[in-house]
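Report on the following structure.
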Amino acid sequence: MDLLDFARGPAINVAMAVLVFGVLWRLLAIVFLGKPVDRTVPRLGTPGPFMAGVREIARRMVPHPTFAFAERFAFFNGWVFHVGLAIVVFGFRPHILFVKNLTGLSWPALPSGVIYAVGAITALSLTAALIKRLTSPVQRFISTADDYVSWLVTMAPVVTGLAAVGHVGARYETLLAIHILSVAVLLIWLPFGKLFHAVLVFLSRATTGAFLARRGV
Amino acid sequence: MTDQINVQAAADKFLAAIGRPLASWAEACVKCGLCAEACHFYQATKDPKYTPAWKILPIAKAHKARTGFLGMLGLAPKITEKDLKEWEELIFDTCNMCGRCTLVCPMGIDIASITGATRAAMAAAGVGPEDLFAAAENSRDRGSPLGLSPEKLEDRLEWLADDNEIDLPLDKKGADVLLTVSSIEMMKYPDSIVSMAKLLNHAGVNWTFSKKGYEATNFGYLTGKTDIAKTMTMRIVDAAEELGVKAVIIPECGHAYGVMRWQAANVIGRPLPFEVFHITEYLAKLKREGKFEFKPYSKPFTYHDPCQISRRGGATADARYLMEGLATDFREMTPTANSNWCCGGGGGVQAIARSAPIRYKVFKIKTEQVAATGVDTLVSSCANCRLTMDEAKAATKWTGGLESIVEILAEHLVTKDDD
């Protein structure tokens, strides 16, 4: 078994298993903690917890008007790399083929040129996020190893993917194997570090939405 | 802070408090740091340690130590005495639980709730400001944080009634409404008490004070001392139930309203058998019923939103409705309403003497807001905000005026004597 076989086979399979198990484990650990019963009387005319939760998930997609200026970099750059990652992951033909082999599902791919450009923009955006973290006194102070590891394991598949399609630095097979291995590392890390916010964002926002809506805020 | 620190008690309290909401919030932070933009303590000092996200660490650590992957293997770091000591200032002195950081957080983390839970854990460990803890113990032992015992209440009400020729009913059988007080008002702003009474009497409300349950402020909640929080809550609940009132009115005090309206039923473990109103909510209700007519108030002024009434309480519109048709020159400050800056003294911070210097720095934000409106009178509906700003005003030699919305309403009420 060469490196590519290892990456395509056991490595990615184990990584996906860890991802699924890890996400379920961590999510259920929170869900099963249960929610304290709220015996206060909700303000009249306010939405119920479900609607309030959905509303809050949508509302926080854009900055609060009061903080639009303060949030301008985080909002713009955050959207760029999140959307960029989504486009690269779900729009690139080889990725769609991988999903098709796994699940039978497929959808039209975007032109490779678009993917390369979006990949480069995503890498630049992630770099900007790191520079901001390192240069902002607040972000530098509150950051922990998790923030830097999470950045690294997110950036690595983007860079190795770009290197693989560009045949930069090594044989294509080797570059592809490294790319797949970097994805495996990302999948394994996701449930354990701050990348789990990809799941928690919905729970956290919805909880706050329901909490504030009850009060009529 | 007391001498003996019981770290295990803090860890246990954290674990008992963490349900799905707190766990979701404690684990969701992406360390974007945007919350610093919303926090007056950070903005006043530019010290990154005041970043609200940093205040999540103790609860997140305690949570992971018990429930994370490493925690289950016993390998995760546990909460330590050093953590509790280090975070004491951040959790007690420099967090008003005002919830402004929640507005800006892309993940929607409610750091005010996290601070509340962390205070309870710290209090269980014996960590917290002595003067704040003393206020809570005074409330339990003497009826109020400022020593307003039932006997003193009766004395002062008699004095206020005589002095102002006004009816201030106490323990009136058959009353429909129980009016509570904040001892800050009774000791420092008694006109506010008289004003509430004048407005309620004018509207023909059948109301009363009660010697059994009068103190609306709840320093048990503010310190995280849950037993005292329950005692203080039960005094009002017992008084209201004994009198059989339909409603309890909370005076001009933000946290008192937040605790009684949005916490009390959970503190006592059953729904309250009466409605709870902040005084501005109740007066707005009476105004909608056509019970008031006001003379114009022509002094230019702006309005400070108490966090627990507006941003955390949902009663933002009522103060503005009360000013409609009364104020001829009311100017909103920027930002205002639910985004308004906190006074810096809420959440018990006003009672922590060592926090005074940073509170005065925070007050600068407020005075700049006021100056930008072009007025020099700042009106509020919270005695604690008023006291915080009054002290800061003296310390910073601010020349503006601080007033109470209830007092303005009472002064401008059209009465039979005006005919």
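These numbers come from the heavy atoms of this one structure, side chains and all, not from hydrogens, waters or symmetry mates. Lettering of chains follows the sequences in order, A, B, ..., and the numbering in each one begins at 1.
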Query raised in the report: Which bit of B:Leu34 comes within less than 4.5 Å of chain A, counting heavy atoms only: side chain, backbone, both or neither?
Result: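 Looking at B:Leu34, just its side chain touches chain A.
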Query - Shortest non-hydrogen separation from A:Arg205 to B:Gly108 and the atoms involved - result: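 The answer is CG-N, 4.4 Å.
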Query raised in the report: What's the shortest heavy-atom distance between B:Lys31 and A:Thr144, and which atoms?
Result: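 B:Lys31 and A:Thr144 have their closest heavy atoms at NZ-OG1, 3.3 Å.
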[X], part contacting chain B, at a heavy-atom distance under 4.5 Å:
{"X": "A:Ser150", "answer": "neither"}
{"X": "A:Val199", "answer": "neither"}
{"X": "A:Pro65", "answer": "neither"}
{"X": "A:Asp38", "answer": "both"}
{"X": "A:Phe211", "answer": "side chain"}

**Report entry** Residue-level contacts of residues 68-75 of chain A with chain B, using a heavy-atom cutoff under 4.5 Å
**Finding:**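 Contacts with chain B: A:Ala70, A:Glu71, A:Ala74.
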Query raised in the report: Using non-hydrogen atoms and a limit below 4.5 Å, what part of residues 131-141 of chain A faces chain B?
Result: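 Under the 4.5 Å heavy-atom cut-off, A:Arg133, A:Pro137, A:Val138, A:Gln139, A:Phe141 qualify.
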Requested in this report: Among B:Ser113, B:Gly99, B:Cys105, single out the residue with the greatest number of heavy-atom pairs under 4.5 Å to chain A.
Outcome: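 Of B:Ser113, B:Gly99, B:Cys105, B:Cys105 has the most heavy-atom pairs under 4.5 Å with chain A.
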[Y] and [X], any side-chain heavy atoms less than 4.5 Å apart:
{"X": "B:Pro21", "Y": "A:Pro36", "result": "yes"}
{"X": "A:His64", "Y": "B:Val104", "result": "no"}
{"X": "A:Thr40", "Y": "B:Gln263", "result": "no"}
{"X": "B:Ile109", "Y": "A:Ser204", "result": "yes"}
{"X": "B:Asn338", "Y": "A:Val217", "result": "yes"}

Requested in this report: In sequence, state the C-alpha distance, the side-chain angles, and the governing distance for A:Leu200 and B:Trp25, and then conclude on side-chain contact (heavy atoms from CB on, under 4.5 Å).
Outcome: CA-CA 8 Å; A:Leu200 278 182; B:Trp25 292 326; over 6 Å; no
Query - B:Asp110 side-chain N/O to A:Thr208 backbone N/O, donor-acceptor pair under 3.5 Å - result: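 Pair absent, no side-chain N/O of B:Asp110 close to backbone of A:Thr208.
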**Report entry** A:Arg215 side-chain N/O to B:Gly314 backbone N/O, donor-acceptor pair under 3.5 Å
**Finding:**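 Pair absent, no side-chain N/O of A:Arg215 close to backbone of B:Gly314.
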Query raised in the report: Crowded around A:Tyr148 OH? As in, over 12 foreign heavy atoms under 6.0 Å?
Result: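 Enclosed.
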Query - Derivation of the salt bridge (charged side-chain N to carboxylate O under 4.0 Å, His left out) call for A:Lys194 and B:Glu27 - result: CA-CA 8 Å; A:Lys194 85 160 184 187; B:Glu27 294 192 29; over 6 Å; no
**Report entry** Contact list for residues 41-52 of chain A, test side-chain hydrogen bond (donor to acceptor under 3.5 Å, both in side chains), sequence neighbours left out
**Finding:**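 Of all non-adjacent pairs touching residues 41-52 of chain A, those that pass side-chain hydrogen bond (donor to acceptor under 3.5 Å, both in side chains) are A:Arg43-B:Tyr257, A:Arg43-B:Glu281.
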Report task. Go through the structure and list residues passing side-chain contact (heavy atoms from CB on, under 4.5 Å) with B:Cys98, not counting sequence neighbours. Result ->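 For B:Cys98, the residues satisfying side-chain contact (heavy atoms from CB on, under 4.5 Å) (neighbours in sequence not counted) are B:His40, B:Asn96, B:Arg100, B:Cys307, B:Arg311, B:Cys342.
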